[in-house]
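Written below as structure tokens is the structure these notes are about.
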Amino acid sequence: RAQLVASGGGSVETGGSLRLSCVGSGITFKMRSMAWFRQTPENEREGVAVIGRGRGDTTAYADSVKGRFTITQDSVNNILYLQMNNLTPEDTGMYYCAADPDYCYGAPCFTLPFNTRGQGTQVTVSS
């Protein structure tokens, strides 16, 4: 059974950085499209960053995080990362990683169900 465990969240001030990690078991990341989502305090789900599997891996980001967040993956150890820099209070939320078996390319990847999800890790950014 697939399991995703996220960690690395915390409380930081505006302008700070955090690196989230997501460790997978029972699942092979390189065979899945992988993504980070966040649940905002207003209970909205937002796709933050994604690695789409296709003929070549592609990455896509929410407009609000472009240039500040970077998604990467350690395929050998099945770990997904999200480096978050220059954080703002609008980045506050519960961040979780997710996997989808379908291949996709770029921003349309965010429309996939990503039904395999881990528990979240809370990120709180104060002004």
Side-chain angles (χ1 to χ4, degrees):
R1 180 178 170 216
Q3 191 171 16
L4 301 172
V5 180
S7 62
S11 296
V12 297
E13 295 183 346
T14 296
S17 297
L18 287 171
R19 188 192 196 201
L20 306 184
S21 300
C22 171
V23 179
S25 58
I27 183 173
T28 302
F29 281 11
K30 64 182 179 182
M31 301 299 291
R32 300 285 190 274
S33 293
M34 300 296 302
W36 287 98
F37 289 85
R38 65 187 177 193
Q39 201 82 19
T40 68
E42 295 75 27
N43 209 33
E44 293 180 355
R45 177 182 182 241
E46 179 184 2
V48 176
V50 63
I51 296 176
R53 299 293 178 223
R55 286 187 288 272
D57 290 352
T58 58
T59 57
Y61 297 89
D63 288 342
S64 59
V65 307
K66 282 180 182 176
R68 302 186 298 119
F69 290 14
T70 304
I71 185 172
T72 57
Q73 179 173 300
D74 177 349
S75 297
V76 173
N77 295 300
N78 247 16
I79 305 174
L80 187 72
Y81 297 103
L82 184 68
Q83 177 66 44
M84 307 187 296
N85 299 326
N86 195 20
L87 286 160
T88 72
E90 288 70 35
D91 295 316
T92 293
M94 182 68 75
Y95 286 70
Y96 61 94
C97 58
D100 194 284
D102 283 342
Y103 283 9
C104 61
Y105 303 91
C109 292
F110 287 123
T111 65
L112 294 179
F114 282 99
N115 288 327
T116 300
R117 304 171 187 172
Q119 99 297 347
T121 185
Q122 179 67 35
V123 172
T124 303
V125 185
S126 59
S127 58

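The shown structure was predicted, so the numbers you read here are calculated from the model rather than taken from an experiment.
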Is any side-chain heavy atom of [X] closer than 4.5 Å to a side-chain heavy atom of [Y]?
| X | Y | result |
| --- | --- | --- |
| L4 | L80 | no |
| V123 | L20 | yes |
| Q73 | D57 | no |
| Q3 | V23 | no |
| Q83 | T72 | no |
| F114 | S33 | yes |

Kindly state each residue pair satisfying ring pair (Phe, Tyr, Trp, His ring centres under 6.0 Å) with at least one member in residues 61-82, sequence neighbours excluded. none
Sorted by first residue and then second, give each ring pair (Phe, Tyr, Trp, His ring centres under 6.0 Å) pair with at least one member in residues 2-34; sequence neighbours left out. none
Any donor and acceptor pair, going by atom type alone, linking the side chain of N78 with main-chain N or O of I27 inside 3.5 Å? yes
Identify, with sequence neighbours excluded, every residue that meets side-chain contact (heavy atoms from CB on, under 4.5 Å) alongside N115.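 By the side-chain contact (heavy atoms from CB on, under 4.5 Å) rule, N115 matches P113, R117.
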For N77, all residues meeting side-chain contact (heavy atoms from CB on, under 4.5 Å), sequence neighbours excluded: D74, I79
Any pair with a residue in residues 5-18 that passes side chain to side chain donor-acceptor pair (under 3.5 Å), sequence neighbours left out, goes on the list, sorted by first then second residue, please.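 Applying side chain to side chain donor-acceptor pair (under 3.5 Å) to every pair that reaches into residues 5-18, excluding sequence neighbours, yields S17-N85.
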Selection residues 94-110 - residue pairs positive for side chain to side chain donor-acceptor pair (under 3.5 Å), sequence neighbours left out: R38-Y95, R45-Y96
Disulfide (SG to SG under 2.5 Å) contacts in which one or both residues fall within [range], not counting sequence neighbours:
| range | answer |
| --- | --- |
| residues 13-59 | C22-C97 |
| residues 45-81 | none |
| residues 35-86 | none |

Nearest atoms (heavy-atom pairs only) where [X] meets [Y]:
| X | Y | result |
| --- | --- | --- |
| V50 | A35 | CG2-CB, 3.8 Å |
| A6 | Q119 | O-NE2, 2.9 Å |
| T59 | I51 | CG2-CG1, 4.1 Å |
| S126 | P89 | C-CG, 4.3 Å |

Under the salt bridge (charged side-chain N to carboxylate O under 4.0 Å, His left out) rule, what pairs show up with a residue in residues 14-33, not counting sequence neighbours?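 Counting only pairs at least two positions apart or across chains, no salt bridge (charged side-chain N to carboxylate O under 4.0 Å, His left out) contact touches residues 14-33.
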Name all residues meeting the side-chain hydrogen bond (donor to acceptor under 3.5 Å, both in side chains) criterion together with E42; count only those two or more places apart in sequence or in a different chain, and write none if there are none. T40
Determine, using the 4.5 Å side-chain heavy-atom cutoff (strictly less than), whether V48 and L112 are members of one ILVMFWY cluster.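 No; L112 is not reachable from V48 via cluster members.
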Reported CE-to-CG distance for the pair M34 and L82, which is rounded to 0.5 angstrom: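 Separation between the atoms: 12.0 Å.
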Which value, rounded to the nearest 0.5 Å, describes the distance between S75 atom OG and M31 atom CE? 11.0 Å
ILVMFWY clustering at 4.5 Å (side-chain atoms), partners of M94: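 Reading the cluster by chain and number, M94 sits alone, since nothing else belongs.
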Could you go step by step and tell me if M84 and V12 meet the side-chain contact (heavy atoms from CB on, under 4.5 Å) rule? CA-CA 11 Å; M84 307 187 296; V12 297; over 6 Å; no
